[in-house]
Amino acid sequence: MGLCRLQVANRQFFMTLPNEESRIPPGPEGPVALGVDPETLGALLELRRDYGNMVSIVKPNGRKAWFINDAAEVRKLLTRRHHRYNKGPGFERVKMLLGNGLIVSDDDVWRRSRRMIQPAFTRQNVHRLISLMVTCSETRAVAWEAVARDGGTLDITQEMNDFALELILRCIFGPDYETHIAASGENPFAFLSKDSERNLRIVMQVRQTRDLIMAVIEDRRTRDKHEAFDFLSMYMSATDKTGTYYSDEELLDELITLIVAGYETSAGTLNWSWFLLAQHKDAESELLAEAARLMPDGQGVDQETLTKMTWCQQLLEETLRLYPPVWLFTRRAIEEDDLTDYDVSADTDIFLSPYILHRTESYWPDPERFDPSRFGPGSPYKKGERPYFPFSLGPRRCLGEYFSFLEMKVHLGLLIQKFRMTLVSDPQPTLDLGINLRTQSNIILRPELYN
Ligand code: HEM
């Protein structure tokens with residue numbers, strides 16, 4: 001079957017021609033195994049080398065799949081054509097963890113939930129969480145100061161996991177973080193930041209945290225739900241267009257999704273930022289100068305200051321170019337489509353990799369070089385046209401993008417003024433390419449106090 005495009009009075013129509021040969025991109029004849037795992041990066045790089053930016057393969061189970069590394073087609077698929085695709089095979093494992101929360105759901109379930117949740121992420125709301133970002137950063141500063149005075153080292157990977165997890169939990173549970181989560185001494189969500197495996201054991205532990213979250217919800221229900229300003233109260237007050245609230249099950253899925261989505265990716269980006277800063281002393285000095293000018297000694301941290309931190313923004317964007325936490329996206333075609341001159345048949349799996357696209361030389365000259373000035377005012381790309389999608393694009397774009405930039409700017413802006421970092425661990429860490437892009441062993445830095 002092939003798709004035929006007809007142009008009638010400035011509108012395009014597609015009709016299926018049953019006897020016409022399908023036009024599919026080049027690709028190998030034998031089967032290729034693709035998944036969300038380390039082997040897949042090597043396989044995709046080989047496919048690109050041998051066949052170019054649009055490749056078709058057959059998986060060992062006989063299913064058709066394409067790898068797309070053409071920036072314009074990626075953009076088209078994620079934006080104008082998004083309705084022809086579902087999230088795809090990469091999300092099947094994540095579903096065990098996140099139930100049917102926003103990241104994994106599709107169609108009407110996703111649409112309803114996205115409309116309900118989106119208002120919680122307005123800039124105005126996120127600005128109200130800046131003071132928590134400051135508090136969590138200052139807690140780290142106190143602990144790091146003691147380490148620096150002892151001449152010790154920091155496991156920065158673990159530190160960033162703990163920082164980002166504590167922040168998102170405080171933003172979700174507000175005052176209940178102290179009474180229900182921190183009160184028991186051991187953070188019941190700590191296993192998330194300590195164990196990168198997404199296996200059955202983790203799934204069981206997540207189930208247990210659902211009981212804890214449900215207890216907080218029930219407690220809230222006995223109180224005025226507007227008493228606290230936090231994601232929990234916003235999610236509990238959210239209604240769909242028929243005026244219906246989330247069911248308990250839906251609410252739990254969305255809160256677990258928010259915890260996992262809200263800490264892992266920011267933690268990973270901060271981890272890589274510190275790693276890069278420790279090795280690029282010019283970048284470290286530039287960031288220090290900007291932070292000291294805009295928020296001297298941690299004073300005056302607000303949305304205006306954070307907007308002015310343009311060099312920090314560039315540093316983070318370059319970090320996300322080199323190390324996009326979500327390094328691989330999958331989709332599955334739910335209807336026929338056409339991309340460049342090729343026909344996508346329904347049920348085809350699609351693989352897109354920000355990691356590969358962001359390091360493709362035709363889009364990013366000298367792609368392996370760390371250079372935050374790529375994102376500066378002289379950038380050759382117009383903002384909306386960069387071959388760049390660490391937060392995805394289109395209607396399924398990350399909801400926490402603004403939140404994460406503020407959290408990362410607050411953290412780096414405050415801590416860079418106190419500590420100079422030296423890299424102790426391997427300068428070329430081995431990548432761990434699971435659902436998120438991590439390092440196989442943690443990054444270790446030695447902090448030194450400026451005064
Ligand atoms: C550097 C930080 C972050 C990165 C790189 C990132 C990246 C992404 C990406 C790539 C997706 C879409 C995945 C896909 O389409 O297959 C996504 C979705 C999402 N992210 Fe983030 N994220 C970050 C931080 C956050 C934070 C801090 C939050 C919450 C506070 C958050 C909440 C979400 C949610 C709720 C979705 C699902 C959106 C939907 O499907 O409608 N993210 N994120």
Side-chain angles (χ1 to χ4, degrees), residues 36 74-75 77-79 82 85-92 94-95 98 100-107 109-122 125-126 129 132-133 136 160 163-172 230-232 234-235 238 253-273 313 315-332 350-355 357-358 388-412 435-438:
V36 186
V74 167
R75 180 171 296 281
L77 188 150
L78 293 174
T79 56
H82 83 98
Y85 299 87
N86 270 349
K87 279 267 173 150
F91 291 87
E92 277 150 19
V94 190
K95 267 191 174 170
L98 305 182
N100 214 12
L102 204 59
I103 285 194
V104 292
S105 59
D106 279 309
D107 307 320
V109 176
W110 166 76
R111 214 164 286 113
R112 166 179 181 260
S113 200
R114 175 97 186 191
R115 282 203 194 109
M116 289 169 78
I117 290 177
Q118 189 136 324
F121 292 86
T122 59
N125 282 343
V126 175
L129 300 168
L132 285 177
M133 298 174 184
C136 292
M160 292 305 89
F163 162 74
L165 183 61
E166 181 189 344
L167 175 63
I168 196 68
L169 291 173
R170 284 187 183 276
C171 291
I172 292 173
D230 49 36
F231 282 120
L232 180 59
M234 290 188 271
Y235 276 39
D253 284 352
E254 292 304 351
L255 291 167
I256 298 276
T257 297
L258 185 57
I259 295 170
V260 173
Y263 98 87
E264 224 172 4
T265 41
S266 307
T269 309
L270 282 171
N271 182 40
W272 288 113
S273 300
Q313 176 82 23
L315 168 97
L316 290 166
E317 290 188 352
E318 177 67 343
T319 306
L320 285 161
R321 181 186 70 82
L322 285 169
Y323 302 108
V326 190
W327 68 279
L328 184 70
F329 299 178
T330 63
R331 294 291 187 265
R332 180 166 291 162
I350 306 284
F351 289 79
L352 315 165
S353 172
Y355 182 86
L357 192 95
H358 294 175
Y388 182 72
F389 54 107
F391 293 95
S392 188
L393 299 168
R396 299 224 58 162
R397 190 178 182 128
C398 174
L399 259 181
E401 180 173 348
Y402 186 64
F403 177 100
S404 71
F405 274 114
L406 291 197
E407 117 181 69
M408 295 189 290
K409 284 178 173 177
V410 169
H411 173 85
L412 290 177
I435 289 162
N436 268 300
L437 173 69
R438 301 157 174 270

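In this chain, residues are counted from 1 in sequence order. It should be emphasised that the depicted structure is a prediction, and the values quoted were computed from it without experimental measurement. Indexing begins at 1, ligand by ligand and atom by atom, following the structure's order.
Given atom 10 (C) of ligand 1, the protein heavy atom at minimum distance is Pro390 O, 3.3 Å.
Contacts with ligand 1 closer than 4.0 Å are made by side-chain heavy atoms of Leu258 only, the backbone lying farther away. Residue contacts with ligand 1, taken as heavy atom pairs separated by less than 4.0 Å, involve Arg331 solely via side-chain atoms from C-beta onward. Here Trp110 has side-chain heavy atoms under 4.0 Å from ligand 1, and that is the only part of it that gets that close. Here Ile168 has side-chain heavy atoms under 4.0 Å from ligand 1, and that is the only part of it that gets that close.
Distances below 4.0 Å separate heavy atoms of Arg114 from the following atoms of ligand 1: 38 (C), 39 (C), 41 (O). For ligand 1, the atoms sitting less than 4.0 Å from at least one non-hydrogen atom of Pro325 are 5 (C), numbered in the order shown with element in parentheses. Taking every heavy atom of Phe329 and a limit of under 4.0 angstrom, the matching atoms of ligand 1 come to 10 (C). Counting the atoms of ligand 1 from 1 in the order shown, those under 4.0 Å from a heavy atom of Lys87 are 13 (C), 14 (C), 15 (O), 16 (O).
Relative orientation of the Phe403 and Phe231 rings is tilted, given thresholds of 30° and 60° on the angle between their planes.
Looking only at distances, no side-chain donor or acceptor of Ser113 sits under 3.5 Å from a matching main-chain atom of Val109. Looking only at distances, no side-chain donor or acceptor of Ser353 sits under 3.5 Å from a matching main-chain atom of Leu328.
Using a 4.5 Å heavy-atom threshold, the side chains of Met160 and His411 count as touching. For the pair Lys87/Val104, no side-chain contact is recorded, criterion being any heavy-atom separation below 4.5 Å from C-beta on. Annotation: side chain of Thr265 is not in contact with side chain of Phe391 (no heavy-atom distance under 4.5 Å). Between Ser273 and Leu412 the shortest side-chain heavy-atom distance falls below 4.5 Å.
With waters left out, the protein N, O or S atoms under 2.8 Å from atom 21 (Fe) of ligand 1 add up to 1.
Under the 4.0 Å criterion applied to side-chain N and carboxylate O atoms, Arg396 and Asp106 are assigned as salt-bridge partners. Taking 4.0 Å as the cut-off between side-chain N and carboxylate O, Arg321 and Glu317 do not count as a salt-bridged pair.
A search for side-chain hydrogen bond (donor to acceptor under 3.5 Å, both in side chains) contacts involving Thr330 returns nothing, not counting sequence neighbours. A search for side-chain hydrogen bond (donor to acceptor under 3.5 Å, both in side chains) contacts involving Asp230 returns Arg220, Ser233, not counting sequence neighbours. The side-chain hydrogen bond (donor to acceptor under 3.5 Å, both in side chains) check on Thr122 picks up Asn125, with sequence neighbours excluded.
Between Thr269 and ligand 1, not a single N/O pair is under 3.5 Å apart. Geometrically, ligand 1 and Glu407 share no nitrogen or oxygen pair separated by less than 3.5 Å. Remark: ligand 1 and Ser266 share no N or O pair separated by less than 3.5 Å (distance only, no angle test).
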